[in-house]
**Q** 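Dropping the structure in here first, questions after.
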Amino acid sequence: MRPHRLPRSFYLQPTLQVARQLLGLYFVGLSRGKQLAGRIVEVEAYLGDLDPASHAFRGRTNRNEVMFRKGGHLYVYFTYGMHFCSNVVTGKEGVGHAVLLRALEPAEGIPLMARRRKRSAALVGELCSGPAKICQAFALTRKHNGTDLCGSVFWIEQRDPPLKRGQIGASPRVGISRGKNFAWRFVILGNPYLSR
DNA sequence: TCCGAGATTCACT
DNA sequence: GTGAATCTCGGAG
């Protein structure tokens, strides 16, 4: 199939649906004139209004303002005084939903990713196997918070036919203390590039 | 106004 | 297994 960038309408669908459909798609970005890309293999959904683990649960603040924009924006936040994590905002304006990118299978620009991660390019499995690692490999920072994925810097692309239902696994999310009962972490079953 | 915990990762023990 | 990095927010004082 011919690769194509996903339109705004994709991100406006219900959040859990977007989360599942993101698996197998490619997160692509331009950085220093080079194209970087990774296949999305693990995500987590954060449904602000229902979800005590979400930054948006208690309403809008300066930090989470981007989560309340319409779907298709990139929400990059700083945490643990150390790391950035990146989310795809979903749903209509004002909803406060997003999908956290947790792991990618590196596809393009591996030498540049490895340099940024301070890892050998041979260790492909350690370049994007965690939300903060993705940001480091793609050089995503506060500056990119609010980037429109329907623009020309970062976007999401479909390159392969959609996954079959049986290839997708759902489980509770990782690294949180509240909202543990929701099985809102989605993975490509058996993929070697998952986090943890 | 201060304190603790957090959607994490890495180096070291 | 444990601690450090040190931003942001909510709740206590």
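Numbers restart at 1 for each chain; the letters A, B, ... are given by sequence-line order, proteins then strands.
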**Q** Categorize L100(A) for me: base, sugar-phosphate, or nothing, with a 4.0 angstrom heavy-atom threshold over every strand shown.
**A** base

**Q** Counting side-chain heavy atoms from CB outward, which of dC10(B), dT8(B), dG6(B) is closest to R117(A)?
**A** dC10(B)

**Q** Expressed in angstrom and rounded to an integer, what is the separation of R60(A) atom CZ from dG10(C) atom P?
**A**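 My rounded result for the distance is 14 Å.
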
**Q** What is the separation between atom CZ on R178(A) and atom P on dA7(B), rounded to the nearest whole Å?
**A**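 Rounding to the nearest Å, CZ of R178(A) and P of dA7(B) are 7 Å apart.
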
**Q** Side-chain heavy atoms nearer than 4.5 Å, only ILVMFWY residues, links allowed to pass through others: does that put L100(A) and L22(A) together?
**A**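 No, L100(A) does not connect to L22(A) through the hydrophobic network.
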
**Q** Side-chain N or O of T61(A) versus OP1/OP2 of dC9(C): is the shortest distance under 4.0 Å?
**A**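 Result: yes.
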
**Q** Measure NE2/H55(A) against P/dG6(B) and give the value in whole Å, please.
**A**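 Atom NE2 in H55(A) sits about 11 Å away from atom P in dG6(B).
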
**Q** Remember a base hit wins even if backbone is also touched, and classify A132(A) as base, sugar-phosphate or nothing at under 4.0 Å, heavy atoms.
**A** sugar-phosphate

**Q** On a whole-Å scale, what distance lies between the C1' atoms belonging to dC10(B) and dT8(C)?
**A** 22 Å

**Q** Please report, rounded to the nearest Å, how far the P atom of dT9(B) is from the CG atom of L140(A).
**A** 14 Å

**Q** Nearest whole Å is fine: how far is dC7(C) P from F84(A) CZ?
**A** 10 Å

**Q** In whole angstrom, give the distance that lies between atom CZ of R196(A) and atom C1' of dA7(B).
**A**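 Whole-Å distance recorded here is 10 Å.
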
**Q** With distance as the sole test, does S54(A) use its side chain to make a donor-acceptor pair with the main-chain N or O of D51(A) at under 3.5 Å?
**A** no

**Q** Can you measure F78(A) atom CZ to dC7(C) atom C1' for me and round it to whole angstrom units?
**A** 6 Å

**Q** For R173(A), answer base if it contacts any base atom (sugar-phosphate contacts may also be present), sugar-phosphate if it contacts only those atoms, and nothing otherwise; contact means non-hydrogen atoms under 4.0 Å.
**A**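 No contact.
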
**Q** Which of these, R8(A), K70(A), R69(A), sits in a side-chain hydrogen bond (donor to acceptor under 3.5 Å, both in side chains) with D148(A)?
**A** R8(A)

**Q** Distance check: side-chain N/O of S177(A) vs OP1/OP2 of dG6(B), anything under 4.0 Å?
**A**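 Answer yes for this pair, as a side-chain N or O of S177(A) is under 4.0 Å from OP1 or OP2.
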
**Q** For ring-ring contact (aromatic ring centres under 6.0 Å, His included), just list the numbers for F27(A) and F154(A), CA-CA rounded to whole Å, side-chain angles, deciding distance to a tenth of an Å, and then say yes or no.
**A** CA-CA 8 Å; F27(A) 180 68; F154(A) 287 98; 5.7 Å; yes

**Q** Could you work out the separation of dG1(C) and dA7(B) based on their C1' atoms and round it to a whole Å?
**A**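 The answer is 22 Å between these two C1' atoms.
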
**Q** Return the nucleotide paired to dT6(C): Watson-Crick means purine N1 to pyrimidine N3 with N6-O4 or O6-N4, wobble means G-U with N1-O2 and O6-N3, both under 3.5 Å.
**A** none

**Q** Evaluate the ring-ring contact (aromatic ring centres under 6.0 Å, His included) criterion for residues Y46(A) and F57(A): first the C-alpha distance (whole Å), next the side-chain angles of each, then the deciding distance (0.1 Å), finally the verdict.
**A** CA-CA 9 Å; Y46(A) 285 85; F57(A) 184 59; over 10 Å; no

**Q** Using purine N1 to pyrimidine N3 plus N6-O4 or O6-N4 for Watson-Crick, or N1-O2 and O6-N3 for G-U wobble, both under 3.5 Å, which nucleotide pairs with dT1(B)?
**A** dA12(C)

**Q** R142(A) has a side chain; which of dC7(C), dA7(B), dT9(B) sits nearest to it?
**A**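 Per side-chain heavy atoms of R142(A), the pick is dC7(C).
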
**Q** May I have the distance from N64(A) (atom CG) to dG6(B) (atom P), rounded to whole angstrom?
**A**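 Whole-Å distance recorded here is 18 Å.
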
**Q** So which nucleotide from dG11(C), dT8(C), dG6(B) ends up closest to the side chain of R58(A)?
**A** dG11(C)

**Q** With stacking defined as ring centroids separated by under 5.5 Å and planes differing by under 30°, is Y80(A) stacked against dG6(B)?
**A**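 By the stated criterion, Y80(A) and dG6(B) do not stack.
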
**Q** Going by the rule side chain to side chain contact (heavy atoms under 4.5 Å, CB included), which residues pair with R115(A) if we only count those two or more places apart in sequence or in a different chain?
**A** L112(A)

**Q** For K133(A) and dC10(B), is the shortest distance between a side-chain N/O and OP1 or OP2 below 4.0 Å?
**A** yes

